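Because the structure is predicted, anything quoted here is derived from the model rather than measured.
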Amino acid sequence: MAEYAEYASFAFQVGALLVLIVGTLIAVLRFVRERRSVAKPYLLFREGFLASLLLGLDLLIAADIIDTVIAERTLESMSLLGFLVVIRTFLSFSLEVELTGRLPWKGGEKGTA
């Protein structure tokens, strides 16, 4: 079972890397394509890049959770994995606020706090 969990964790890590690479490339291409027709093309880039970064972080958090299941249960390993999850969760929360302009638990349209 632990071997399958390791594969799953690795798959989530690779998925996160692919999301980051492909998302960034799409954001760059969108910026280049729209830079003359949109008033603020960097906002398009920023939105696309932040969205891919947010999804990549979510996938890395999933990999960390799987790692906690298969890791040797020592205080050091659990502390390290817990620290990584807390940091990545905080980054995800911050990116969500930055991307949508509102707190994640608040409803409403983009830009309303």
Side-chain angles (χ1 to χ4, degrees):
M1 181 73 168
E3 184 178 344
Y4 294 120
E6 285 180 30
Y7 290 137
S9 175
F10 181 73
F12 275 103
Q13 291 172 3
V14 169
L17 183 62
L18 290 173
V19 164
L20 291 172
I21 291 170
V22 171
T24 301
L25 288 174
I26 290 171
V28 168
L29 291 174
R30 194 171 164 198
F31 172 80
V32 169
R33 188 184 70 212
E34 301 290 336
R35 74 179 182 276
R36 291 193 179 114
S37 63
V38 177
K40 296 184 179 179
Y42 70 91
L43 291 176
L44 287 176
F45 170 78
R46 186 171 170 264
E47 183 178 282
F49 178 70
L50 286 177
S52 65
L53 192 58
L54 184 60
L55 180 56
L57 276 171
D58 286 343
L59 291 172
L60 288 173
I61 290 170
D64 288 339
I65 291 169
I66 292 170
D67 286 340
T68 61
V69 172
I70 62 174
E72 181 182 339
R73 303 239 180 355
T74 65
L75 184 59
E76 184 179 347
S77 68
M78 292 294 111
S79 298
L80 178 62
L81 288 169
F83 180 72
L84 287 173
V85 168
V86 167
I87 293 297
R88 289 180 178 163
T89 302
F90 176 75
L91 287 172
S92 289
F93 174 79
S94 299
L95 288 172
E96 179 75 24
V97 170
E98 185 72 23
L99 185 61
T100 63
R102 61 181 168 79
L103 296 172
W105 56 84
K106 299 259 184 171
E109 295 297 314
K110 181 178 177 179
T112 60

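Atoms CG and OG, from Leu99 and Ser94 in turn, are 12.5 Å apart once rounded to the nearest 0.5 Å. Interatomic distance, CD1 of Ile21 versus CD1 of Ile26, reported as 12.0 Å (0.5 Å rounding). Taking CZ of Phe31 as the start and CG of Leu43 as the end, the distance is 10.5 Å to the nearest 0.5 Å. Rounding to the nearest 0.5 angstrom, the gap separating the CG atom in Leu44 from the OH atom in Tyr42 is 10.5 Å. The CD atom of Gln13 lies 12.0 Å from the CG atom of Leu18; values are rounded to the nearest 0.5 Å. Interatomic distance, Leu20 CG to Leu54 CG, rounded to the nearest 0.5 Å: 10.5 Å.
Each of Leu95, Asp58, Val19, Thr24 was checked for a side chain to side chain contact (heavy atoms under 4.5 Å, CB included) with Leu53, and the lone residue meeting it is Leu95.
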Which side-chain N or O atoms in residues 83-91 pair as donor and acceptor under 3.5 Å with protein atoms at least two apart or in another chain?
from  : atom 1 : to    : atom 2 : distance (Å)
Arg88 : NH1    : Asp64 : OD1    : 3.0
Arg88 : NH1    : Asp64 : OD2    : 2.7
Thr89 : OG1    : Val85 : O      : 2.6

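Gly48 and Ala27 make their closest contact through C-CB, 4.0 Å (heavy atoms, listed as atom of the first residue, atom of the second, distance). Summarising the geometry of Ser9 relative to Ala63, their closest heavy-atom pair is OG-O, 3.4 Å, with the distance given to 0.1 Å. For Ala16 against Gly56, the heavy-atom pair with the smallest separation is CB-O, 3.4 Å.
For Phe49, the ring pair (Phe, Tyr, Trp, His ring centres under 6.0 Å) partners are Phe45, not counting sequence neighbours.
Applying the salt bridge (charged side-chain N to carboxylate O under 4.0 Å, His left out) rule to pairs touching residues 4-13 yields nothing, sequence neighbours excluded.
Counting only distance, with no hydrogens or angles, the side chain of Arg35 and the backbone of Val32 share a donor-acceptor pair below 3.5 Å.
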